[in-house]
Amino acid sequence: ECLLSHLPSELRFKIFDLLTESIGELRMVSKSWRQLVDNWAAVPVNLPELLQIDMIENEGSSMNVIIDIRKTEKACFGKLRSFVKQLPRESKNQMEESETTNFHQIYRVSIDLSFGSASIDRLSFLISTKCKKVTIAKYHKDKASDDGRHYINYVSDLMKNLKYIDELTYWRHDVNEESANLLRLIRQISIQNVTFSVDVSCTSFTLPMTRDFLLKIRENIEMLNCTFHATATNSNEGSDNVDWVETVLTMFQGSIQSIKMETHYVCLFTPNDVCQIAKALVARGEPFHFKTFLHEKPQPIIVKGNILRKKIAKFSNQWIIDLSSRPPPPRAPLMC
Amino acid sequence: PNVKLVTSDNEEFVVDFRIAKMSVTVSRLMEAMNMSETDDASLLSNSIPLPNVTKAVMARVIEWCEKHKNDEPKEEKENDKRGRTTHVVSDWDKEFLKNDEFGRLCQLMGAANYLEIKGLFNDISQTIANMIHGKKSDEIAEMFNIHCDLTEAEKKEIRKKTAWCED
């Protein structure tokens, strides 16, 4: 009927890739065009980038999944729509249209999925392989569900087809043996920026385990933002067991170019430590950005030549230290 | 130095070595046949068969390559790796492609894909996408001379499904 249908599918798919905002109209041209478009949309790698996936563990044995899609591209996700429609009423929290701060009009899907249900696997094939921002959050202590698997296992199941993420936030998790699942997940996805938040007040082993985790996570990400929380008073327990200068320098040997370590609650660095880190990174001659908090007044960092950019600001009774090479790494979140 | 390219309809095109190298497919074939820029004998004694390209299409491809033979190679950006990026078609390229009807554009796109000439392939796909973008379904049908076989009820159902967050 049309030359478009005689094109090899790879060429037709390339054209549809460039027309994600016209997919709704293309489906109404004719029955054969609707079939061509549906064949294209059935392949996750063809689907346009999602704006956001938020996963939050519910108390019990389920998680809430929020998926944000650009309103202009909603017609590309017909199969996702059918999936949501088939879910039991109590699983569908809301489907709404709203404005976001970054000027995209979005459609938001919010659903609850039980751990172990086939819906998690089905959903993994209905989302795109690309997502701007993914958040994996939890508020409760890590506990295996009835089948012996943990929240992060189900998150991994849901994310198994994702290939590209700009920003991954891993929020309020313990670093424990289950973190290996997160590492596996991160290794199979191209991620620019990981924001990692950990409660280090649990045991004296938490900080060494966090160090080990950070050394493993460094391998295939570009930027890391690590916040050390402490909900108990023993927050510095275990910090003496870790050489944080060596840890930071080792982390910069991977693909990471920017590290932000938010240490309001845990004193990890002395002024001398920061000086050592700055001098060692400058000596390597590679682009870097390093930001942290000092609990003592910083000492002068003297480096020859105009090759180190330093910003120091007092924040309450602490000091924010923001150091980078000149020029800094391209996407580093520098302090102004 | 020149390279001989032979199309599916047995037409021989003699092109500059630089132009031949713009096609990844031709480059690979030359390498396999031990044809090198510094070895005139190897270039004279061999020709590259291109069974998937006709004479008329090849002439258009060569015209595009002549114009772009001195272009700087483009760096692959992060978005390119993700496989989705809007390509800006230059004014010369717009002019070059503007009189090609859809059928001819498809043939040219197939040739650019087979020959692996990324710049031409991107120009054509973006040109086709630009022809369709922003148009209503009946305008697209008219543009491609397609009879719409969907009933009003079917269209209504598709519209309803497309507006899926409102139901």
Discussion item. Atom CD of residue position Q188(A) - does it have more than 12 heavy atoms of other residues, nucleotides or ligands inside 6.0 Å?
Written reply: yes
Worksheet entry | L26(A) side, atom CG; K135(B) side, atom NZ - distance, nearest 0.5 Å | 11.5 Å
Worksheet entry | Closest approach of M28(A) to L150(B) (non-hydrogen atoms, all atoms of both residues) | O-CD1, 3.5 Å
Worksheet, complete the sentence: What one should report as the nearest heavy-atom pair of A129(B) and L18(A) is CB-CB, 3.7 Å
Worksheet entry | Exceeds 12 heavy-atom contacts within 6.0 angstrom, atom NZ of K55(B) | no
Practice prompt. Check whether L11(A) gets within reach of chain B through its side chain, its backbone, both or neither, counting any heavy atom under 4.5 Å.
Written response: both
Item to complete: Sort out for me which of G103(B), G134(B), A141(B), C106(B) touches chain A most, counting heavy-atom pairs under 4.5 Å.
Response: C106(B)
Item to complete: Show the numbers, then the answer: is there a side chain to side chain contact (heavy atoms under 4.5 Å, CB included) between K14(A) and M109(B)?
Response: CA-CA 11 Å; K14(A) 168 72 182 178; M109(B) 187 182 183; 4.2 Å; yes
Worksheet entry | Test log, rule side chain to side chain contact (heavy atoms under 4.5 Å, CB included), inputs H133(B) and E21(A) | CA-CA 8 Å; H133(B) 182 76; E21(A) 295 184 3; 4.0 Å; yes
Fill in: Lys/Arg N to Asp/Glu carboxylate O, R34(A) vs E154(B), below 4.0 Å
no
Discussion item. Can you confirm whether more than 12 heavy atoms, excluding those of K133(A), are under 6.0 Å from its NZ atom?
Written reply: no
Worksheet item: Taking everything shown except K160(A) itself, do over 12 heavy atoms lie less than 6.0 Å from its NZ?
Response: yes
Worksheet item: So, for K31(A) and D149(B), which heavy atoms are closest and what is the spacing to 0.1 Å?
Response: N-OD1, 2.8 Å
Discussion item. Heavy-atom count check: over 12 atoms from other residues, nucleotides or ligands less than 6.0 Å from K79(A) NZ?
Written reply: no
Discussion item. Quick check on N130(B) against chain A: is it the side chain, the backbone, both or neither that has a heavy atom closer than 4.5 Å?
Written reply: neither
Fill in: Other residues, nucleotides, ligands: >12 heavy atoms within 6.0 Å of E63(B) CD
yes
Worksheet entry | Neighbour count above 12 (heavy atom, 6.0 Å) for K155(B) NZ | yes
Worksheet item: What distance separates I128(B) CD1 from L19(A) CG, expressed to the nearest 0.5 Å?
Response: 9.5 Å
Item to complete: Using the side chain to side chain contact (heavy atoms under 4.5 Å, CB included) rule, take V29(A) and F144(B) through it: C-alpha gap first, then chi angles, then the decisive distance, then the call.
Response: CA-CA 10 Å; V29(A) 170; F144(B) 292 107; over 6 Å; no
